[in-house]
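The structure appears below as structure tokens.
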There are 2 protein chains.
Amino acid sequence: MESLFDMLRDKLKEKGYKLTTQRRVIYDVFIDNQESHLSPEEVYDMVKDKYPEIGLATVYRTLQLFEELDVIYKLNFDDGCNRYELNTNTNHHQHHHLICMECGKVSEVEIDLLDKLEEKVEKESKFKIVDHNVKFFGYCEDCQK
Amino acid sequence: MESLFDMLRDKLKEKGYKLTTQRRVIYDVFIDNQESHLSPEEVYDMVKDKYPEIGLATVYRTLQLFEELDVIYKLNFDDGCNRYELNTNTNHHQHHHLICMECGKVSEVEIDLLDKLEEKVEKESKFKIVDHNVKFFGYCEDCQK
DNA sequence: ATGTTAAATGCAAATAAATATCATTTGATA
DNA sequence: TATCAAATGATATTTATTTGCATTTAACAT
Ligand SMILES: [Mn+2]
Ligand SMILES: [Mn+2]
Ligand SMILES: [Zn+2]
Ligand SMILES: [Zn+2]
């Protein structure tokens, strides 16, 4: 069976993209931070440890590319920048985000349960669904006092 | 019973904000475009018809204020700007957005069905949910060929 | 191994959405 | 009608992201 990294290499090759050092290092940052939702700046800062010569534009370009290849997902927590998380093929369609309206913390729940809803939506709307994005807003355990 | 506009006036008064001409006119734009998801620039252009002296900064400030007052909702369709729609108190928690990955068109479905999911999420996570946001990505009727 | 070539990079400049500054105007209240 | 904080419009500024371009590099063929 294929590792996540093998999948990256195959996807790049399939579309004629090169496997550069920069892309490897950025990919490693996501592997090492699977629980995080990283912004381009955050990725840039982490990458610079291993590869100080990298340019911020390369980070932006790589994030776009990885998203196109479904290697990472783009998220929006309305905090002024895009955020990304690794697609491990086990988290896809399988976790939602809980955003605390008090402290801003983002946590995750490993529940999906949208199949019935998607079915109903497809019937009612003639829209062919391939993905969904669910955010819950409210108060985290610490902020409920 | 209170009209939507009365609610706006009351909410403003309650918090010590003034009911200005600019705010009235921006509000009217949302009343007249209930099916739309408007960007600040779009609001600005529409407002200028009725009130050409208005400044773009006022539009931005008003949208922020209206959002704070729950008069409008902020949406993100990942097209480079924020978008807003009127809270009619009948659409709240009651429609989701369908985003076509081919043509970018955004449509709506009047289904909710998230109560069970929210219950389960609250139990599993100790997170107190007050709102949610659901987007479906896929292909609209026209783009399914 | 080496040469070839298109793809990718780093840097700097450019873009565009959103925010901040500040002098002037205006709505609410007395 | 006078008062005054709140709001506005114009403009400058900020910040995330994108683009242009000369240089470098990965992939592939010799
Ligand atoms: Mn996540
Ligand atoms: Mn809508
Ligand atoms: Zn919190
Ligand atoms: Zn479409």
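Bear in mind the structure is a predicted one, so any value in this text is a computation, not a measurement.
Taking atom OH on B/Tyr44 and atom P on D/dG9, their separation rounds to 9 Å, with Å as the unit. At whole-Å resolution of the value, CG in B/Asn76 and C1' in C/dA17 are 13 Å apart. The CG atom of B/Leu65 sits 7 Å away from the P atom of D/dA7 (whole-angstrom rounding). Taking atom CD on A/Glu41 and atom P on D/dT18, their separation rounds to 13 Å, with Å as the unit. Residue B/Arg61 contributes atom CZ, which lies 7 Å from atom C1' of D/dG9 at whole-angstrom precision. A/Leu56 places its CG atom 9 Å from the C1' atom of D/dT17, with the value rounded to the nearest Å. The CZ-P distance, from B/Arg24 to C/dA28, rounds to 8 Å in whole Å. Between B/Tyr51 atom OH and D/dA7 atom P there is a gap of 14 Å when expressed in whole angstrom units.
Within the 4.5 Å cutoff, side-chain heavy atoms of B/Lys128 are placed close to those of B/Glu122. At a threshold of 4.5 Å between non-hydrogen side-chain atoms, the residues A/Phe5 and A/Leu8 count as touching. Between B/Glu68 and B/Tyr17 there is a side-chain heavy-atom pair separated by less than 4.5 Å.
The shortest distance between the side-chain N/O atoms of A/Thr21 and the OP1/OP2 oxygens of D/dA26 is below 4.0 Å. OP1 or OP2 of D/dT18 lies within a sub-4.0 Å distance of a side-chain N or O belonging to A/Gln64. In this structure, A/Asn82 reaches the D/dT17 phosphate: one of its side-chain N or O atoms is under 4.0 Å from OP1 or OP2. One finds no side-chain N or O of A/Arg23 lying less than 4.0 angstrom from the OP1 or OP2 phosphate oxygen of D/dA26. Between A/Tyr60 and D/dT17 there is a side-chain N or O to OP1 or OP2 distance below 4.0 Å. Phosphate contact (OP1/OP2 of D/dG9, side-chain N/O of B/Thr58, threshold under 4.0 Å): present. Residue A/Thr20 places none of its side-chain N or O atoms closer than 4.0 Å to OP1 or OP2 of C/dA7.
Checking side-chain atoms of B/Glu42 against main-chain N and O of B/Ser39 turns up a donor-acceptor pair under 3.5 Å.
Counting heavy atoms of neighbouring residues, nucleotides and ligands inside a 6.0 Å radius, atom NZ of B/Lys74 exceeds 12 of them.
Contact of B/Lys18 with D/dA5 (side chain to base): a donor-acceptor pair of N or O atoms is detected under 3.5 Å.
Relative to the side chain of A/Cys81, the nucleotides D/dA16, D/dA10, D/dT19 differ in distance, and D/dA16 lies closest. Taking every side-chain heavy atom of A/Lys13 into account, D/dC28 is the closest of D/dT8, C/dT9, D/dC28.
Mapping A/Glu53 and B/Leu19 onto DNA chain C by nearest heavy atom places A/Glu53 closer to the 5' end of the strand.
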